[in-house]
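Residues: numbered from 1 along the sequence shown. Remember, it's 1-based here, ligands and their atoms both numbered in the order they're listed. Side chains included, hydrogens not; waters and symmetry mates left out as well; all remaining heavy atoms used.
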Amino acid sequence: MPVEAYIFFSHVHWDHIHGFPFFAPAFTAGNCFHLYGGNDVTHTIEGALAGQMENPNFPVHLSDMAAHMDFHDLKDGQVVTIGEGVDRVDITNTRGNHPNGVFAYRLDYNGRSAVYCTDTEHYNVVDIRLARLAKDADLLIYDAMYLPEEYSGESGGCPKTGWGHSTYEQGVKLAREANAKQLVLFHHDPSHTDAIVAEMERRSQAIFPNSIAAREGLVITI
Ligand SMILES: [Zn+2]
Ligand SMILES: [Zn+2]
């Protein structure tokens, strides 16, 4: 049975796109993908996905993938509606704070909402755009890459200011400000062990009980 699917890219840094050349359903004729994204620089979503597959980086070009693909470059604040009636999903975006730009997304479906907000760095005050996007959301997935002491540099190493990532503490602040019901800590630092992720989750739950660290295979029903 052919697949028709919608894929929203937050941005096109490699850690978010380099699985795409190996995405088997995109090699199957008859499948159809609607791809949304873009950033604030010069590349379209299509150009960025194609760029990483150019000779000699990959043997197959994006345009050789057999599935049908539609590319959509998003505008700030644009709402994309998929389906109708009881199947209707509204996807709203806003900009986060990340080198080369990033989109955060909110999905509204049947009175429930989930916000995907990663690869964003907090300011001294809660980011008003993100607070608006996450208003009363059932689920807030947030960038908690660094522990606060790593972000500040107090635990050794250089401060991570300007690197475009955040902490669980800032996720809790955003969740409170937005009145989001559940917080999912996401975008773990590759150097973090499971024990560090568990510690981060413990600390987050101490100040926002309905927190959980994202892990492989995690499914949350809202
Ligand atoms: Zn990034
Ligand atoms: Zn990333």
Compute whether any side-chain donor of one residue and acceptor of the other, for Y151 and E121, lie under 3.5 angstrom apart.
yes
Taking the Zn ion (ligand 2) as the center, what protein N, O or S atoms are found at less than 2.8 Å?
D15 OD2, H16 NE2, D119 OD2, H187 NE2
Do F8 and Y36 have ring centroids that are under 6.0 Å from one another?
yes
State whether a side-chain donor-acceptor pair under 3.5 Å links D15 with H187.
yes
Check the pair H13, N100 against side chain to side chain contact (heavy atoms under 4.5 Å, CB included), reporting the backbone distance first and the verdict last.
CA-CA 9 Å; H13 283 165; N100 309 121; 2.8 Å; yes
Residue pair H11, H98: steps toward the side chain to side chain contact (heavy atoms under 4.5 Å, CB included) verdict:
CA-CA 9 Å; H11 64 314; H98 196 62; 3.3 Å; yes
Under the rule for side chain to side chain donor-acceptor pair (under 3.5 Å), what residues qualify as partners of H122, not counting sequence neighbours?
S166
